[in-house]
Amino acid sequence: MAGDSNVDSLAARIKALIDSFDFTRPGIEQSMGEDAAHAVAEDIASSAAELQEEPTGGGFPSNEPGYARRKAEKYGVGDPAYGFRTGQTFSLESLLGDVRVGSDEVEMQYGTGRPPERSGASGYISEADKAVTDREKMGFLTAGANPIHPYEIGPYAREAVREIMAEGLRKHLESEGG
């Protein structure tokens, strides 16, 4: 009997479930989109600090030896420390910058647009440091003589985002009675 089919009703329920799952849904700490942005920023910071490379593997150039010595003395950062001085450029605050989460899109815009207020390792901060914003510093790194491109999604961030989305989907299905 054609009138006894629930295919249309079932299809409508499945579509409603799919349409209700997006980046604005609760994640592990915040929304799934904000959690994903945080995972990407953490991977960029970790790659820069621990490996001195971009998340996708491109290595950072070395600092000129004299500059590296001055940096180590004043700022307490040892070589290799390309891109590190006050600690602001690769801070989570600057890497997260302005995060916008929509239902089907997450956008991260680098930086706060402010200069550093303090120095990370040694506490030393020069007047010149206080005059340059995080966005300007990232511009120097990405468009200078030896440009780097650290603002990328690497394999570790992709895996972390996948786990965030899987957990969000699990929670979503449980809340829908699935």
Side-chain angles (χ1 to χ4, degrees), residues 23-24 27 29-165:
F23 289 121
T24 65
E29 298 287 328
Q30 301 175 53
S31 72
M32 289 190 325
E34 290 166 308
D35 286 354
H38 208 291
V40 170
E42 287 176 354
D43 185 41
I44 295 168
S46 177
S47 295
E50 295 172 26
L51 305 174
Q52 282 282 276
E53 63 183 38
E54 300 161 351
T56 56
F60 290 1
S62 296
N63 284 313
E64 182 271 317
Y67 177 65
R69 269 192 309 281
R70 287 191 305 278
K71 225 163 105 166
E73 291 168 7
K74 290 186 178 195
Y75 296 93
V77 291
D79 204 29
Y82 190 83
F84 287 87
R85 190 160 143 165
T86 64
Q88 181 190 32
T89 305
F90 290 110
S91 69
L92 285 179
E93 179 184 28
S94 291
L95 290 168
L96 283 167
D98 183 22
V99 177
R100 294 185 200 112
V101 178
S103 60
D104 63 350
E105 179 177 77
V106 177
E107 179 182 340
M108 293 170 61
Q109 181 179 358
Y110 176 83
T112 64
R114 297 185 312 264
E117 297 173 359
R118 60 179 177 72
S119 180
S122 71
Y124 173 80
I125 187 165
S126 70
E127 291 305 312
D129 293 328
K130 294 177 188 177
V132 182
T133 71
D134 52 0
R135 290 181 184 153
E136 290 170 318
K137 286 185 269 190
M138 185 58 77
F140 300 148
L141 292 175
T142 59
N146 294 309
I148 61 172
H149 302 286
Y151 210 60
E152 303 175 317
I153 300 174
Y156 295 107
R158 275 194 292 281
E159 179 59 24
V161 169
R162 188 200 65 72
E163 290 173 10
I164 290 164
M165 296 303 133

Could you measure the distance from the CZ atom of Phe84 to the OG atom of Ser119? Nearest 0.5 Å is fine. 12.0 Å
Tyr75 and Tyr124 aromatic ring geometry - parallel, tilted or perpendicular at 30°/60° bounds: perpendicular
Is the closest side-chain donor-acceptor distance between Ser126 and Asp129 under 3.5 Å? yes
Quick one: does Ser46's side chain have a donor or acceptor within less than 3.5 Å of a partner on Glu42's backbone? no
Contact check, side chains of Lys137 and Thr86, non-hydrogen atoms, under 4.5 Å: yes
Please tabulate, for side-chain N and O atoms in residues 143-155, each donor-acceptor pair with protein atoms closer than 3.5 Å (sequence neighbours left out).
residue	atom	partner	partner atom	Å
Tyr151	OH	Leu95	O	2.9
Tyr151	OH	Tyr110	N	3.4
Glu152	OE1	Thr56	OG1	2.6

Would you find a donor on one side and an acceptor on the other, under 3.5 Å apart, between the side chain of Asp134 and the backbone of Gly113? yes
On a heavy-atom basis, which atom in Val77 and which in Arg85 lie closest, and how many Å separate them? CG1-O, 4.4 Å
Heavy-atom closest pair (Thr133 atom, Gln88 atom, distance to 0.1 Å) is C-OE1, 4.3 Å
Going by atom types only, do Glu34 and His38 share a side-chain donor-acceptor pair under 3.5 Å? no
For Arg114, check salt bridge (charged side-chain N to carboxylate O under 4.0 Å, His left out) against everything at least two apart and list the hits. Glu93
Taking only residues two or more places apart in sequence or in another chain, which ones pass side-chain contact (heavy atoms from CB on, under 4.5 Å) with Ala39? Ala160, Val161, Ile164
Quick one: pull up OG1 in Thr112 and CG in Leu96 and give me the separation to the nearest 0.5 Å. 11.5 Å
Taking atom CD of Glu136 and atom OG1 of Thr89, what is their separation to the nearest 0.5 Å? 11.0 Å
Counting only N and O atoms by type, is there a donor-acceptor contact under 3.5 Å from the side chain of Glu105 to the main-chain atoms of Gly102? no
Determine the minimum heavy-atom distance between Ala37 and Val106, stating which atoms define it. CB-CG1, 4.3 Å
Distance-minimising heavy-atom pair for Pro55 and Asp43: CB-OD2, 3.7 Å
Ser122 (side chain) donor-acceptor with Lys74 (main chain) under 3.5 angstrom: yes
Atom CD of Glu29 with >12 non-hydrogen neighbours under 6.0 angstrom: no
For Arg162, is there an ion pair with Glu159 - N to carboxylate O distance below 4.0 angstrom? yes
Are the side chains of Phe23 and Ser31 in touch, meaning some heavy atoms are under 4.5 Å apart? no
Nearest heavy-atom pair of Met138 and Phe90: which atoms, and what distance? CE-CE2, 4.1 Å
Minimum heavy-atom distance between Met108 and Val99, given as atom pair plus value: CG-CG2, 4.3 Å
